[in-house]
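Every chain is numbered from 1, with letters handed out A, B, ... down the list of sequences. None of these values were measured; they are calculated from a predicted model. What's counted below: heavy atoms across the whole structure, side chains too, no hydrogens, waters or symmetry copies.
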There are 2 protein chains.
Amino acid sequence: MKPKITLKDIARELEVSISTVSKALKNSEEISRDTKEKVQAFAKLYNYKPNNIAISLKNKRTKNIGVVIPAIVHHFFTTVIRGIEKYANAKGYNVIVCLSEESFDREVINMEMLANGSIDGFIMSLSSETQLKGDYNHLKEVTEQGIPLVLVDRVTNEVECDKVIIDDELGAYVATKKLIEQGRKKIALITTDDYLSVSKARTEGYKKALLESKMDIDESRILKLSTMEMDEQGIQDFFKNNDVDAVLCVNEIFTVYSMRLVQNKGLNIPEDISFIGFTDGLLSQYANPSLTVIAQHGEKMGEISAQMLIDKVESEDEEETFQTKILEPTLVVRESTIN
Amino acid sequence: MKPKITLKDIARELEVSISTVSKALKNSEEISRDTKEKVQAFAKLYNYKPNNIAISLKNKRTKNIGVVIPAIVHHFFTTVIRGIEKYANAKGYNVIVCLSEESFDREVINMEMLANGSIDGFIMSLSSETQLKGDYNHLKEVTEQGIPLVLVDRVTNEVECDKVIIDDELGAYVATKKLIEQGRKKIALITTDDYLSVSKARTEGYKKALLESKMDIDESRILKLSTMEMDEQGIQDFFKNNDVDAVLCVNEIFTVYSMRLVQNKGLNIPEDISFIGFTDGLLSQYANPSLTVIAQHGEKMGEISAQMLIDKVESEDEEETFQTKILEPTLVVRESTIN
DNA sequence: TATCAACACGAAACCGTTTTCGATAAATCT
DNA sequence: AGATTTATCGAAAACGGTTTCGTGTTGATA
């Protein structure tokens, strides 16, 4: 066990001052070639690495960014993290991941843990409970303290900050339009409660497409489920009581589970009924039939979030100008719709 | 924008010394009731929170743990992270996640970034490239520096540290045994290269079960694929050239993809051919038919890893005693096998 | 030979805490 | 009254760096 070596150790050993060592290691012009070589050789020999904490304390910058997301087992969020990691790491930043598990309290606790010097900025996606409560004081507090914040995907316009979202309304619109073009007349929507920003937008896109095609909006064809748990019974009841020929679902799981139900009823996909889901994840790729989906480009969203955040963190001037980056979703056609 | 308030600010404002403020906030006996109340009230009013970085520097403990894993889009690893997060957070620790993306270099870089004071300990799962190279010097270095390390799932016995694994050999053995009991005679194994610790163990379990039942080991029924990418062609060729009535796959994706291939050939699952996979993830649950799998209990593994690490971090004594915790996998029977 | 710039280095402040060790005054004891 | 406690607080070191500023020693210049 060889403990870490410090500047002080080198200074003592070489009988110079700490400042000399520090400068020598930075190749400062102030220090003679002789001393620099001596110090650098010694440092290399003993594998000296400056202590990150000390540096953080000195320049009030940690090179850490905090990421608070509702869940990690959802494929979409893992791709977002991956994008963040990728960009952040290339810029020399570490990523501290905290999971709110859709809980308001855990979101608050996690932010407070990180907001006291541990990170230079936040990237976060709101928990569903937070969006339900509509309480964003914990976000406002960090922005008031001057900590940069980027909201991604699940956002709110209650707090002023940078945001990265996809055009969920457009995504649902395009998907619904696609189903209409295929001659579908009874198009269902399986979504989550409206307080989720994304769900609301998608419902609007769905309705917009229907209205544009002079089709009625039948509220009984819209199923709203909880975000917290997978309500299998709810979906079963829905298909028992409704006769539909196409379904748009706001996530992969709803889609795949619904497909199995109708398959067990003896229907053929996509001949008898079409499906389109959100999120282009493993489930969509490997489902049978494979899913036509609205791809959300999570990795791209993560990268952009990280870029916006790090730009803010590293910018000198304190211009209070925020932007919202809206990405366009992509329709990926596979086997669950007639192509 | 209200900047963070420090002890010094409070001291100046209340005309006492910094030490008095510090003690007052800790409810020290040294300080009079009057002063304590005054200080505490002021601190609450201005929402004083101690700076984590300063505290870290002082007591050489960051309350951060570093997690380095090969990938995050694999369901198994996300469950591990979730378990780590859960335990660590309950203990007041933050989790810094780094992705090696199966690359040796990125693994080294990430560890070096974190090893200089940013974290109190590591939890990691080796990248496949690292296992291929067999170079574990970066691990040995951190342990030599006295930084606790816990290896999880993808481990090596080249480095002495705590480890958490599941009994992969047993898992494959149980699965193969199950297939044999069902009367399967031509059981294939689709796995990854042997340099991965888990693949090797699973292959052994598979062989052991076969030998125990006096069945021949036909090496042509063992397909070894790269970990790096999904080799669809390799699987297609395999099923073109082999006649099998049961398949054991080391992950979900191999299983699901293989199932589709044989389904498209007109075979019925599980009547004509059975499938068992590893990892009880979304793909397994929602595949059609749903998968019989060997569950690896990733979340549990994460929790145990975090517990072992934090125990080491917080223990005073430096006993160099390491343990390897071996979890038992569980066979989850679903539709891809005859039950 | 006195002056001055260039060179090479060190002292010390600083980042925000914690903690040890006095120090002062009042209170208690002999 | 003098000695000793006790209560209350502050100075300062420490954690491990960075950075400003000062200082002593050269050598060159006038």
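- A donor and an acceptor atom never sit less than 3.5 Å apart when one is taken from the side chain of A:T20 and the other from the base of C:dA8.
- Nearest nucleotide to the side chain of B:T35, out of D:dG10, D:dT8, D:dT20: D:dT8.
- With respect to the salt-bridge test (charged N to carboxylate O, under 4.0 angstrom), the residues A:K2 and B:E141 do not qualify.
- Salt-bridge check for B:R33 with B:E37: passed, with a basic side-chain N closer than 4.0 Å to an acidic carboxylate O.
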- [ ] May I have the step-by-step check of salt bridge (Lys or Arg N to Asp or Glu O under 4.0 Å) for A:R82 and B:E101, ending in yes or no?
- [x] CA-CA 10 Å; A:R82 195 186 196 193; B:E101 307 283 3; 3.4 Å; yes
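- The NZ atom of A:K58 sits 6 Å away from the C1' atom of C:dC15 (whole-angstrom rounding).
- If B:P50 and B:K23 are placed on DNA chain C by their nearest nucleotide, the residue sitting closer to the 5' end is B:P50.
- What separates CG of A:L57 from C1' of D:dC15 is a distance of 9 Å, to the nearest Å.
- A:E30 has its CD atom 13 Å from the P atom of D:dG22, to the nearest Å.
- Residue contacts shown for A:T6 are limited to sugar-phosphate atoms, with no base heavy atom under 4.0 Å away.
- Under the 4.0 Å criterion applied to side-chain N and carboxylate O atoms, B:K38 and B:E13 are not assigned as salt-bridge partners.
- The B:I31 side chain lies nearest to D:dC9 when the options are D:dC15, C:dT19, D:dC9.
- Atom-to-atom, CD1 of B:I53 to P of C:dT18 comes out at 14 Å; the value is rounded to the nearest Å.
- Considering only side-chain atoms of B:S19, the nucleotide from D:dT19, C:dT19, C:dT17 that sits closest is C:dT19.
- Minimum atom distance to the side chain of A:L7 is reached by D:dG17, of the listed D:dT19, D:dA12, D:dG17.
- For B:E15 and D:dC9, the CD to P distance is 14 Å, given to the nearest whole Å.
- Atoms CG (B:N116) and P (D:dG16) sit 13 Å apart, rounded to a whole Å.
- Rounded to whole Å, the distance from OH on B:Y48 to P on C:dT17 is 3 Å.
- For the atom pair CD1 (A:I53) and CD1 (B:I55), the distance works out to 11.5 Å, reported to the nearest 0.5 Å.
- For B:I18 and C:dC14, the CD1 to P distance is 11 Å, given to the nearest whole Å.
- Counting non-hydrogen atoms under 4.0 angstrom, B:S32 reaches the backbone sugars and phosphates but no base.
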